[in-house]
*Asks:* 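Structure incoming, see below.
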Amino acid sequence: MPELAEVAYYAKQWDAGIGQHVTKVQLHPEARIFRQADNLAEWTDLLAGRRYEERWTHGKQMAFRFGKGWLWGHLGMTGKLWMAERDHVPEKHDHLVIHLTRHALVVTDPRMFGAWRWLSASAWATHEAGLAPPILSDAFTKGLLNDFLKRRARTPLKALLLQQERFPGIGNWMADEILWRSGLHPNRQAGSLSPKESGLLWQKCRLVARQALRVIGTDWSTPPNSWLFNHRWKDGGQCPCGTPLRRASVGGRTTCWCPRCQPATTETDGLT
DNA sequence: TACAATGTTTTAAG
DNA sequence: CCTTAAAACATTGT
């Protein structure tokens, strides 16, 4: 479920715990979300008595600083963060509960595609150094996008936008939204874009990221009807232009587009 | 019952 | 080495 804006939203849910100290940690050592955690047995000791200091997000990644170390996480498909009362008793899918002085920080994830790790200060520094430029940063330039389009010339645009190494935080609905606003067919090959089209794509990446963070990332408001977002899941959904939306698997994911606003070309391979 | 779900990784194949 | 498709992961909801 969570993409850029949803991740930002969930990370903020723990803000009320900032400044409080850890009193107890509960987790299921066998839960799949800890499969990348090589130091799980030490978590209780590592966290004990530490103060929750600050939150951090980058694309779909999130991290929370306790003292000098960081709890790093990814929500996968069904992960959620929420704040419970201090004595919260974990329910079936509450795989990690960090009890604080007055509240409890809870990670819930039924499908367990998410991942959680503990990073020491030095591991954190290494991790941060390897991150891709955020879409809304000055470092996310048109040149960077153009290079990527060229290097992945035969990849469908839909699959391209889902690659986190260049588009951190873009997920299924944001990719569809960006392509729809760019007037680009999701099955267009990355290398086929004119300079004008790639400039438009760059601009819409930024626009959708900015608007999503503002609308969903703050309080999970419903986006305006002018977004594709509100129409794309409905069977028989219509583009605001009045054309019935199409749905098909592109780049391995369910993709929604408007055949009129996002016209097929020779390299969209029969997908109209 | 069968299939799909806003994600990532691994495997296999071209 | 690069690209791509498919499978796998685990659970819930339609």
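Note that the coordinates shown come from a computational prediction; the quantities given were computed from them, not determined experimentally. Sequence lines set the chain letters: A, B, ... in the order given, protein chains first and strands last, and positions in each chain run from 1.
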*Asks:* Under a plain distance cut-off of 3.5 Å, with no hydrogens placed, do A:Trp124 and A:Glu128 share a side-chain donor-acceptor pair?
*Replies:*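 Looking only at side-chain atoms, A:Trp124 and A:Glu128 do form a donor-acceptor pair, the distance falling under 3.5 Å.
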*Asks:* C:dT12 phosphate, OP1 or OP2: any side-chain N/O from A:Lys92 under 4.0 angstrom?
*Replies:*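 Result: yes.
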*Asks:* Rounded to whole Å, please give me the gap between CE in A:Met112 and C1' in C:dT12.
*Replies:*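 Taking atom C1' of C:dT12 as the reference, CE of A:Met112 is at 13 Å.
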*Asks:* Once you round it to whole Å, what is the distance between P of B:dA4 and CZ of A:Arg111?
*Replies:*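 These atoms are roughly 13 Å apart.
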*Asks:* Output the rounded distance in Å from NE2 (A:His93) to P (C:dC9).
*Replies:*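 These atoms are roughly 18 Å apart.
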*Asks:* To the nearest angstrom, how far is A:Met77 atom CE from B:dT6 atom C1'?
*Replies:*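 One finds 7 Å between C1' of B:dT6 and CE of A:Met77, rounded.
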*Asks:* Rounded to whole Å, how long is the line connecting atom NZ of A:Lys80 with atom C1' of B:dA5?
*Replies:*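 After rounding, the gap between these two atoms is 12 Å.
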*Asks:* Do A:Ile170 and A:Leu228 sit in the same hydrophobic cluster, where Ile, Leu, Val, Met, Phe, Trp and Tyr count as joined when their side-chain heavy atoms come under 4.5 Å apart?
*Replies:*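 No; tracing contacts between hydrophobic side chains, which count when under 4.5 Å, never links both residues.
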*Asks:* In whole angstroms, how far is the P atom of C:dT12 from the CG atom of A:Asp109?
*Replies:*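 Atom CG in A:Asp109 sits about 11 Å away from atom P in C:dT12.
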*Asks:* Shorter than 3.5 Å, N or O on both sides, protein versus nucleotides 8-12 of chain B: list them out with atom names.
*Replies:*
unit_1	atom_1	unit_2	atom_2	d
B:dT8	OP1	A:His74	NE2	2.9
B:dT8	OP2	A:Lys60	NZ	3.0

*Asks:* Is any side-chain heavy atom of A:Phe64 closer than 4.5 Å to a side-chain heavy atom of A:Glu53?
*Replies:*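 Not touching, per the 4.5 Å side-chain cut-off.
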*Asks:* Side-chain contact test, heavy atoms from C-beta onward, threshold under 4.5 Å: evaluate it for A:Val107 versus A:Leu27 and give yes or no.
*Replies:*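 The answer is no, as the side chains (C-beta and beyond) never meet within the 4.5 Å cut-off.
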*Asks:* Is there any protein nitrogen or oxygen under 3.5 Å from a nitrogen or oxygen in nucleotides 2-6 of chain C, and what are the pairs?
*Replies:*
unit_1	atom_1	unit_2	atom_2	d
C:dT3	OP1	A:Arg151	O	2.4
C:dT3	OP2	A:Arg152	NE	3.2
C:dT4	OP1	A:Arg154	O	2.5
C:dT4	OP2	A:Thr155	OG1	2.6

*Asks:* Donor-acceptor pair, distance only, cut-off 3.5 Å: does the side chain of A:Lys12 make one with the backbone of A:Gly217?
*Replies:*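 Side chain of A:Lys12 to backbone of A:Gly217: a pair is present.
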*Asks:* Reading DNA chain C 5' to 3', what string of ( ), [ ], | and . shows its pairs, if Watson-Crick and G-U wobble pairs count only when both distances fall under 3.5 Å?
*Replies:* .||||||||.||||
*Asks:* Checking A:Trp82 against A:His88 for the ring-ring contact (aromatic ring centres under 6.0 Å, His included) test, could you report, in this order, the C-alpha distance in whole Å, the side-chain angles of both residues, the deciding distance, and whether it holds?
*Replies:* CA-CA 11 Å; A:Trp82 55 290; A:His88 176 69; 4.9 Å; yes
*Asks:* What is the distance from CG of A:Asn172 to C1' of B:dA5, rounded to the nearest Å?
*Replies:*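 To the nearest whole Å, that distance equals 10 Å.
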*Asks:* For the pair A:Asn187 (side chain) and A:Pro156 (backbone), establish whether a donor and an acceptor sit closer than 3.5 Å, ignoring hydrogens and angles.
*Replies:*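 Side chain of A:Asn187 to backbone of A:Pro156, a donor-acceptor pair under 3.5 Å: no, none is there.
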*Asks:* Between C:dA6 and B:dA4, how many Å separate the two P atoms, rounded to a whole number?
*Replies:*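 13 Å, rounded to whole Å.
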*Asks:* When you measure from the side chain of A:Glu85 to the backbone N and O of A:His103, does any donor-acceptor pair fall under 3.5 Å?
*Replies:*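 Not a single qualifying donor-acceptor pair exists.
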*Asks:* How far apart are the C-alpha atoms of A:Arg117 and A:Gln36, what are their side-chain angles, what is the distance that settles it, and do they pass the side-chain hydrogen bond (donor to acceptor under 3.5 Å, both in side chains) test?
*Replies:* CA-CA 6 Å; A:Arg117 300 198 299 250; A:Gln36 297 174 0; 2.8 Å; yes
*Asks:* Quantified in whole Å, what is the P atom distance between nucleotide B:dT11 and nucleotide C:dA10?
*Replies:*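 Per the computed distance, 15 Å lies between those P atoms.
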*Asks:* Using atom CG of A:Leu228 as one end and atom P of B:dT6 as the other, report the distance to the nearest whole Å.
*Replies:*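 Nearest whole value for this atom pair: 13 Å.
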*Asks:* Please determine whether ring-ring contact (aromatic ring centres under 6.0 Å, His included) holds for the pair A:Trp220 and A:Tyr9, giving the CA-CA distance in whole Å, both sets of side-chain angles, and the decisive distance to 0.1 Å.
*Replies:* CA-CA 7 Å; A:Trp220 209 297; A:Tyr9 173 83; 5.1 Å; yes
*Asks:* For the pair A:Asp94 (side chain) and A:Glu91 (backbone), establish whether a donor and an acceptor sit closer than 3.5 Å, ignoring hydrogens and angles.
*Replies:*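 Yes.
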*Asks:* Can a side chain N or O of A:Thr254 be found less than 4.0 Å away from OP1 or OP2 on B:dA5?
*Replies:*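 Looking at the OP1 and OP2 atoms of B:dA5, one of them is under 4.0 Å from a side-chain N or O of A:Thr254.
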